[in-house]
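Both counts, for ligands and for their atoms, begin at 1 and track the order of listing. What you see is a predicted model; the values in this text were computed from it and never measured.
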Amino acid sequence: MDKQTVESPDRRGDHFFAFPGQRTDRWRALHTATRNWARGSTDQATVRAALDELSGYEGFFAYPGRELLATLRGRIDGNQSGAAAGLAQRISESILTRSYKGDLGDWQSAEIVAEAPPDLNTPTMARGGRHRPYFEMMVVAPGAASRGESIIAQTRRLRRPEDSFIYETVPVASFEEAICAAILNPAILAVTIYEGFDHQAAADLPVLRDFLATAGLDAAHVAGDDLPLSLAGALKRIRPELDLYLLSDRNVERIAGDPRAAGLRRVLYAVEELLELHLCVLEGIDDRFRTPFFDNLKKYAMRPISTFHALPIARGKSVFKSDWIRDMGEFYGLNIFLAESSATTGGLDSLLEPTGNIKMAQEMAARAFGADHVFFVTNGTSTSNKMVHQALVAPGDIVLLDRNCHKSHHYGLVLAGGQPLYIDAFPMTEYSMYGAVPLSSIKKALLDLKAEGRLDRAKMVDLTNCTFDGHIYNTRRVMEECLAIKPDLIFLWDEAWFGFARWSPFLRPRTAMGAAEAISAWMKDPASVDAYEAQQKELGKNPSAAKLMETRLIPDPRQIRMRVYQTNSTHKSMSALRQGSMLLVRDVDFASVEAQFHEAVFTHASTSPNQQLIASLDVARRQMELEGYGLVANAIEIALDIRKEVNAHPVISKYFRVLSASEMIPAEYRQTGFSDFLTPGTDWEDQVRSMHEDEFCLDPTRITLVCGTAGFDGTQFKKMMADDYDIQFNKTSRNSVLLQSNINNTRSDVANLIRVLLEISNKIERDLAANGENGRAAFAARVKSLMTDVPDLPNFSEFHEAFRWDAGKKTPEGDMRSAFYSAYYAEGCEYLPLDSPDVDKRLKSGPAMISANFVIPYPPGFPIMVPGQVISKETIDFMRKLDVKEIHGFERAKGLKLIRPDHAKDHIRK
Ligand SMILES: *Cc1c(COP(=O)(O)O)cnc(C)c1O
């Protein structure tokens, strides 16, 4: 690498996540500069500066490589502006379109071709007519800067026509550069580490150094240590999916004994054949590329099979031979019918009791997601959640639950007979939505249970991470403090939206699996016992609840059981077909509940699971393990782009606004004072510290766009965008819509969205100008009604005493299941129209109104009443103000369905 300052990655907070786009931008800037130079509108010095600006980073990428860069520099230095512009354009376009991955020509220039004939070993997809996926391997070796070309040439010579994949090499010479390359270059999928390299890069990497210090990876922490193993550990922390190889001439057994060596895929003697390494590297990629179920399904589909089982469309014969439904066959194509089967033979395996390739596919998913076990679920996370409830919760067990969570949890508890102890999330009244549940509420509920002697019945804490609107928990802290109060609590983290987060080093520590891994590692550290003992001493005997509330509790590492479950809608954030979901398990006591899980699978899974769904789960895992890191980085970058473009645009920002982290999360939950990704002066370390310490963070990919200020309610705006502009949004609130970026978005999507928002903003401006004083007053009134006259959000009131069992005074859990079934007896129920004066009378002087069922308005989409709940004035006020059409569980004509208080106890069977 050239010796110069590498300001990488950019210090600004919004650039924290965003690199791929910046690189293409830099190349585009260089191309523009060379073109202007060729036209005479700029000078050589400007072009040189643009080249210098980007060359500091280019050593971390295989393409365009040293030679091509040198050629470009040569043309610039030699004043050949036209030739420089041509080459800069070619490289820039190749990086943008990624054509270098398959096109031999992209790697060459006229000069290089003249000196040496084309090297047939440069990557090409077309060789042998096969598409060969391309990746890059980083080689960390002393003196790699000077030996680089020979390392590259050496590995190219190892290529064989029968290789399934093709790779180029990125040589780096230091710990710092290796970390930098792993962060910046998502194409790196394998790393070979030679011994003897330095910690510090030759070039100046100030920002990276700060970052490494924040992460405890600076020279002061790792120097003098075993550098290769420290590097292996650090790389695994950043990108756990990377294959690491160590080439050593030391005693291999000694290395293998070091716990950090667990992250190495293989240790080879440096003297061993390079071919051996080459084969290992390809095998490592294949290990992620293989999709056992999908691979077999493709084979199965190609076999001539006569079917005499029930599934007429299998093989497509009932479709393609029909005069009447042939268009279905033409639309979907033959393969989907060839791949349909109701058989579990022919190697297709059974989802209900997998023993073959589904089992293998699940094990590979467990590896990828950092779990011990994975269940594939083909009925959505709605079903995954019910399975967890059924498997872990027995009737009467108490589950601490966010009242605002997805309805599958509420229904799961009705089915399981568990008693929900609802804890409320902090309200965001002005946007008619809820945030997440504060840790203090969770701790208080547990301490109250303890005070009343019922802590033993508290089985599980069940939270949504991240919430629909993007609030991310401090999963580690929540689990640690809860376990300090009850060491065997089980956690269910509903990460329906957040499955992708595994592939971002910044988000991963805040996922269920990431935190569980960190706590497990902490438990093994002898210093943890000391920390626990020290805190116990300070707390003294029988500390008061107040004292426990204000202390950041440390659990006893010798006592706690890590029992963590995660569910995710793979289809919501990765390339799985709709309803594809996974249930991840990291439970040290799983053996004791495994049989219950199988019962839960038998209860909830269809006996005819869809083959394509299972295959797509297998494939989604493959994709994330091979390109998830880059795709997620891109999704985050896109989100930050949208945030920036909307809020900085002079016209759009008059009517629309993306809510910042500080608007989504009250200051008391942002202990580090972090305000937003885009706040001027926010940098890397602020962001890392916030992710590490704050009680809640905001997932940047979940973007709340306020539209009430443009005079639209959420539903209306969402419909208009879909109908008139073909732009689909996620969910709505009274005055906002939720946008989400994911692994499929491109920068063109951002441009299109901004164009449309500008068009709408311009129209508002024109209308306001044309409609005079009255029009402006009407607009202002509309905005005020949407933004200011918002209904208060009703907190959970209480369960009626008939459904409270032995519950004490302080804790609100209830027997929702009995209430739910009470509603099955018509004689015990009554209806009251919402606007009836009887409602107000009963609110005032009783008897209490007891909800017979769930009432869930969309939006906001959480149950404002659950079976057995006493209906409060706040709930009635909210219902009466509510102007949404869709309210599940409520028929306006009939009114509120209530359980008659005098009948409430009739049907309870304890
Ligand atoms: C969507 C969602 C679910 C249900 O997932 P499906 O895959 O749609 O069944 C569960 N929990 C949360 C938080 C969700 O957003």
### Message
Test side-chain contact (heavy atoms from CB on, under 4.5 Å) on His410 and Ile856; report intermediate values, then the result.
### Response
CA-CA 11 Å; His410 305 282; Ile856 311 179; 5.9 Å; no
### Task
If the plane angle is over 60° it's perpendicular, under 30° parallel, otherwise tilted; pick one for Tyr422 and Phe796.
tilted
### Task
Would you mind listing which atoms of ligand 1 come within a distance below 4.0 Å of any non-hydrogen atom of Asp494?
10 (C), 11 (N), 12 (C), 13 (C)
### Task
Going by the side chain to side chain contact (heavy atoms under 4.5 Å, CB included) test, name the single residue among Asn335, Asn357, Leu348, Asp349 that passes it with Leu297.
Leu348
### Task
May I ask you to check whether Thr383 has an N/O atom sitting below 3.5 Å from an N/O atom of ligand 1?
no
### Task
Starting from atom 1 (C) of ligand 1, locate the nearest protein heavy atom and write down its residue, its atom name and how far away it is, to 0.1 Å.
Lys572 NZ, 1.3 Å
### Query
Nearest protein heavy atom to atom 5 (O) of ligand 1, by residue and atom, and its distance?
Ser569 OG, 3.1 Å
### Summary
CZ (Phe375) and NE2 (His604) are apart, to the nearest 0.5 Å, by 12.5 Å
### Query
Does the N or O separation between His571 and ligand 1 drop below 3.5 Å for any pair?
yes
### Message
To check your reading of the model: name the closest protein heavy atom to atom 10 (C) of ligand 1, its residue, and the distance in Å.
### Response
His406 CG, 3.2 Å
### Summary
Near Thr464 (heavy-atom distance under 4.0 Å), the atoms of ligand 1 are 13 (C)
### Task
Around atom 6 (P) of ligand 1, find the nearest protein heavy atom and jot down its residue, atom name and distance.
Thr381 N, 3.4 Å
